Amino acid sequence: MKKVLAFVLAALMVFSLVACGSNSTATGSSSAAAGGSSAAPAGDASGVKAAVFYYNYSDTYISSVRTALDGKLEAAGIEYTDFDGNNNQTTQNEQIDTALSSGYNLLIVNMVTSGSSDTATAIADKAKAAGVPVIFFNRAVEEDGNEGAVLGAYDNIAFVGTDAPEAGHMQGKMIGNYLVENYDAVDLNKDGTIQYAMFMGDASNVEAIYRTQYGVEDCDAVLTEAGKPALEYFDSANTNKYQLDMNGAWSAQAAQEYMQTNLSQYSEANGNMIELIICNNDNMAEGCIAALQAAGYNNGEGTTTIPVFGVDATDSAKALIAAGSMTGTIKQDADGMAECIALLAGNVASGSDLLAGTDSYTKDEANSLDNKIFIPYQEYTGE
């Protein structure tokens, strides 16, 4: 009887350890903590143990990528653990070190420090030394003019993201076309010029830089072609012509606070009302809309609507567009990005070439980088 009882207790202990191991998740530091999901299903891919590093869980778009990627990795039978860098590169570096020392054999990295070849090289060197493939995604790994410094220097490395200037070009043209069609309604003070505000997410992020530049330049090109004057920044004292989230978090709160201050000085009554709002992402667009709504704008039929444009096409932005509170956005395809990353991870799991099955994707042909894969943007103004 004692032998039977001992066997049962031992079996229960083994079951308990397996159950705990399949649900571990790393978050804001290199230690495991609750709050995410991990999976270790049986199957041909069970030999792959992927560590997925996100720059910041709280980023709405990144959260949507994470949800999509979790589901696709689980469906592929790939064991994974998510890590939250909490917008701190040192934290992410420590997490990568811990993952490699813990036996993870695939790194999937959304770098905190965007566009830094030094940071990406340090990560790639660690992966190479461990004989581990690395898939960078979403945030640029090289500076403009330094393409290939990382992606061209290593085998078993890839990038899945977007063509950085594309969103800015697309947003600028969308805004320009909207203004040409609705110029008189948007020009609240009837001075013949549209006064705009621009909200920038991160001064060092290449996506933010291009969106800030081309969101205005391409709009101006459309306006000029239609015989309309170029946009005019609402605050002549601000030579940067944007308001920046000083924490680099692209946050709704930062944009809302800026916009509340703006509206205390610029109004229809003063004849200097901000007539157009351009944001680098939908989070900041939502913050601006919250401030506008509190001031009596963008509240639906019977109220004046200030056009607000963003980037990402998050679910909450889509809802605001459907309600008429937001005008348009540029869709950054979270599901498409996750699908491509999962394809590459599946290649690692099956022992195939990392880039197998990616011929249908757009690549960085200008820099002869077959391992730099672009997920296209799309305009979104409603279903």
Side-chain angles (χ1 to χ4, degrees), residues 115 140 143-145 147 161-203 205-244 250 255 262 266 272-282 284-285 288 305-313 317 321 326-333 362 364-367 374-382:
E143 303 86 354
D144 278 358
E147 290 86 354
T162 55
D163 185 4
E166 185 181 14
H169 287 307
M170 196 173 288
Q171 187 191 55
K173 290 173 184 175
M174 176 172 63
I175 296 169
N177 289 331
Y178 175 85
L179 292 178
V180 169
E181 294 175 7
N182 300 276
Y183 204 89
D184 290 342
V186 176
D187 184 15
L188 297 178
N189 63 6
K190 306 305 177 188
D191 66 350
T193 303
I194 303 300
Q195 283 75 38
Y196 77 100
M198 167 66 76
F199 293 86
M200 188 178 191
D202 181 353
N205 183 285
V206 66
E207 297 275 1
I209 292 167
Y210 281 129
R211 292 173 194 179
T212 301
Q213 177 182 352
Y214 294 126
V216 176
E217 284 187 7
D218 285 33
C219 175
D220 284 346
V222 174
L223 291 174
T224 300
E225 186 176 353
K228 303 290 186 182
L231 297 175
E232 180 180 282
Y233 193 73
F234 77 98
D235 180 5
S236 60
N238 183 340
T239 56
N240 288 326
K241 298 186 178 180
Y242 59 75
Q243 291 176 298
L244 175 69
W250 311 62
N262 296 342
Y266 297 85
N272 59 3
M273 181 65 188
I274 295 170
E275 299 165 329
L276 167 69
I277 296 174
I278 308 172
C279 297
N280 285 176
N281 77 335
D282 287 343
M284 292 188 293
C288 290
T305 296
I306 307 300
V308 179
F309 293 85
V311 177
D312 285 337
I321 290 171
M326 183 171 171
T327 306
T329 186
I330 302 299
K331 180 180 179 181
Q332 187 171 199
D333 189 355
T362 301
D364 186 1
E365 295 180 357
N367 295 294
F374 294 140
I375 306 300
Y377 287 103
Q378 302 170 39
E379 286 189 17
Y380 184 91
T381 56

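When a residue number appears, it is its place in the shown sequence, counting from 1. On a predicted model such as this, the values are computed, not experimentally measured, just so you know.
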Closest non-hydrogen atom pair, [X] against [Y]:
X    : Y    : answer
V311 : Y377 : CG1-CE2, 4.3 Å
D282 : A313 : OD2-N, 2.6 Å
M174 : I330 : CE-CD1, 3.6 Å
I277 : C288 : CG2-SG, 3.8 Å
G310 : A285 : CA-CB, 4.4 Å
I175 : C219 : CG2-SG, 3.7 Å

Any sub-3.5 Å donor-acceptor pair from Q213's side-chain atoms to R211's backbone N or O? no

- prompt: Backbone N or O of G201 within a donor-acceptor pair of the N280 side chain at under 3.5 Å?
  reply: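 Side chain of N280 to backbone of G201, a donor-acceptor pair under 3.5 Å: yes, one is there.
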
Side-chain contact test, heavy atoms from C-beta onward, threshold under 4.5 Å: evaluate it for [X] versus [Y] and give yes or no.
X    : Y    : value
L188 : I306 : yes
N272 : F234 : no
T381 : Y178 : no
K331 : D312 : no
L223 : V180 : yes
D187 : T193 : no
N281 : Q332 : no
I194 : K228 : no

Contacts of E275 meeting salt bridge (Lys or Arg N to Asp or Glu O under 4.0 Å) (sequence neighbours excluded), chain-then-number -> none

Once you round to the nearest 0.5 Å, how far does [atom1] of [X] lie from [atom2] of [Y]?
X    : Y    : atom1 : atom2 : result
T162 : E166 : OG1   : CD    : 7.5 Å
Q171 : D218 : CD    : CG    : 10.0 Å
N262 : M273 : CG    : CE    : 9.5 Å
M200 : C279 : CE    : SG    : 13.0 Å
W250 : E207 : CH2   : CD    : 6.5 Å
I209 : Y214 : CD1   : OH    : 11.0 Å

- Query: Run the side chain to side chain contact (heavy atoms under 4.5 Å, CB included) check on T362 and D163 step by step: do they pass?
  - Reply: CA-CA 9 Å; T362 301; D163 185 4; over 6 Å; no

Using the ring centroid of each side chain, check whether F199 and Y242 are separated by less than 6.0 Å.
no

Residue pair L276, F309: steps toward the side chain to side chain contact (heavy atoms under 4.5 Å, CB included) verdict: CA-CA 8 Å; L276 167 69; F309 293 85; 3.8 Å; yes

- Task: List the steps and the verdict of side chain to side chain contact (heavy atoms under 4.5 Å, CB included) for V216 and K241.
- Result: CA-CA 10 Å; V216 176; K241 298 186 178 180; over 6 Å; no

- Item | Passing candidate, side-chain contact (heavy atoms from CB on, under 4.5 Å) with Q195, options N189, L231, I274, D235 |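 So the option named by the test is N189.
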
